[in-house]
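Below is one structure, written out as C-alpha cells; the observations come after it.
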Amino acid sequence: MESLFIAKSKNSKDILHSDETTVQVLHEPRQASTFKSYMWRYHTGGEDSPIVLYDYQKTRAGEHTKQFLKGFKGYLHVDRYAGYHKVSSVTLVGCFVHALRKFDETLKVLPESKRHSNVTACEGLNCCNKLFAIDRDLKECTPEERYEKRLECRQPVLETFSAWLNTQKSKVIPKSLLGKAITYCLNQREKLVAFLEDGRLEIDNNRSERSIKPFIIGRKNLIFSNTPKGAKASLIINSIMETAKENNLILFIIFNTYLRSFPTWT
C-alpha cells in the first residue's frame, strides 16, 4: 500500500497533509508495554480521488516520515513538529488553526468579563479569524482565482499581523500563554504564509486532523493493540475506510467476518 501511495503521489499528487498520534502496543519487541508508539497519517490534498494512508512506527522519529515520503516532491501540510524538517524536496505548510487555538487558550484563562474586551489576545485572535473569513469567501473559486484573491485580500492582513507580532513580542512575558502564542506565530511565520504560494493549498491542517481521529477515539475505546501485527492490521482497515469515506463511498462491513479474523491479527 505504501509503494502504491508514493507512486500515485509522485505521478499526479504534489500536495499532502500529515499528522501523527500515539498508540499503545503491548507486545512490541524490546519495548515496555507502557511505551507509546506512533500512528502516522498521510492524506493527499483536496483534489479528486483523495487517498488516506496510515503508517505504524515504534517512535516519533522524523526518519520515519522521511523514509515513507522518499521520492515525493511538493507541499506538505503539517503542525510544528520538527521531525517533518527531515523530509527533503518539500515545502512545509503550517496550520493557522494551531495559531488561533493558542490565542483562544489565552483568552479562556481570563475572567469571563474580559474575554470579549479589547485585550491583546483578542487582537491576535481577530487577525486569525479575518484570514479564515477571507478563505471562506473564496471556497467556490478555482485554484487560480483563489491564488490571485488571496494575494489581494490576505497578504495585507498577514503583513499587518506580522507587524503586530513583532510589536507585541517585547511587551509580553515569553513563558506566558500569550507570549507562547506570539512566539509560536513568529517561529512558524514562514510556514504559516506558505499557503499563499498555490491556490490549492489550505490555511490549516484540519484535513489531516480529521482522519487521525479514529485512532484518538480508539485510545479511549479499544485502548491498545496487542501486537505490532494488530496495529498494522488496524491501519490497513482504517486506510481503506477513510479513503472510501473521502471518496463518498458507502461502506458495508460484514461483522462476522471481522470478528472471525480478529484473533489472528490482534
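Heads up: numbering here begins at 1 and tracks the sequence.
Proximity of a side-chain donor or acceptor of Q67 to a complementary backbone N or O of H64 within less than 3.5 Å is not detected. T160 places a side-chain N or O within 3.5 Å of a backbone atom of P156 that can act as its donor or acceptor partner. A donor-acceptor pair under 3.5 Å is absent between the side-chain atoms of R41 and the main chain of Y54, judged by distance alone. Looking at T65, its side chain never comes within 3.5 Å of a backbone N or O of G62 through a donor-acceptor pair.
Under the 4.5 Å side-chain heavy-atom criterion for grouping Ile, Leu, Val, Met, Phe, Trp and Tyr, L192 is connected to L100 within one hydrophobic cluster.
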What's the verdict on side chain to side chain contact (heavy atoms under 4.5 Å, CB included) for V97 and N205, showing C-alpha distance, side-chain angles and the deciding distance? CA-CA 8 Å; V97 164; N205 195 28; over 6 Å; no
Could you check T21 against Y38 for side-chain hydrogen bond (donor to acceptor under 3.5 Å, both in side chains), going step by step and ending with a plain yes or no? CA-CA 6 Å; T21 192; Y38 280 83; over 6 Å; no
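Within the 4.5 Å cutoff, the side chain of W164 has heavy atoms near those of the T120 side chain. When side chains are defined from C-beta on, R207 counts as touching E246, because their heavy atoms get closer than 4.5 Å.
Atom CD1 of I240 is separated from atom CG of L235 by 10.0 Å, given to the nearest 0.5 angstrom. One distance of note links CG of L53 with CG of D55; it measures 7.5 Å at 0.5 Å rounding. Atom CE of M241 is separated from atom CG of L249 by 12.0 Å, given to the nearest 0.5 angstrom. Here the CG-CG distance, from D204 to L131, works out to 11.5 Å after rounding to the nearest 0.5 Å. The line from CG of L138 to OH of Y147 is 14.0 Å long, rounded to the nearest 0.5 Å. A distance of 11.5 Å separates CG of N166 from SG of C185, quoted to the nearest 0.5 Å.
Shortest non-hydrogen contact noted between P50 and N247 is O-ND2, 2.9 Å. Here the shortest heavy-atom pairing between R150 and I203 reads NH2-N, 4.4 Å. When every heavy atom of T167 is checked against every heavy atom of S170, the shortest pair comes out as O-OG, 3.4 Å. Scanning both residues, I51 and T44, for their nearest heavy atoms gives N-OG1, 2.8 Å. R189 and S162 get closest at one heavy-atom pair: NH1-OG, 2.6 Å. Taking every heavy atom of both residues into account, F103 and L165 meet most closely at CZ-CD2, 4.4 Å.
A donor atom on one side chain and an acceptor atom on the other are not found under 3.5 Å apart for W40 and Q57.
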List the atom pairs, donor and acceptor, that lie under 3.5 Å between side-chain atoms in residues 75-96 and the rest of the protein, sequence neighbours left out.
{"residue": "Y75", "atom": "OH", "partner": "E197", "partner atom": "OE1", "Å": "3.2"}
{"residue": "H77", "atom": "ND1", "partner": "L16", "partner atom": "O", "Å": "3.4"}
{"residue": "H77", "atom": "NE2", "partner": "E202", "partner atom": "N", "Å": "3.1"}
{"residue": "H77", "atom": "NE2", "partner": "E202", "partner atom": "O", "Å": "3.4"}
{"residue": "D79", "atom": "OD1", "partner": "Y81", "partner atom": "N", "Å": "2.9"}
{"residue": "Y81", "atom": "OH", "partner": "R60", "partner atom": "O", "Å": "2.2"}
{"residue": "Y84", "atom": "OH", "partner": "S18", "partner atom": "OG", "Å": "3.2"}
{"residue": "Y84", "atom": "OH", "partner": "E20", "partner atom": "OE1", "Å": "2.5"}

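A salt bridge links R200 and D14; the closest N-O separation between the charged side-chain nitrogens and carboxylate oxygens is under 4.0 Å. Here R154 pairs with D135 in a salt bridge; the nearest charged N to carboxylate O distance falls below 4.0 Å.
Listed by first and then second residue, the salt bridge (charged side-chain N to carboxylate O under 4.0 Å, His left out) pairs that reach into residues 91-107 are R101-E209, D104-K108, sequence neighbours excluded.
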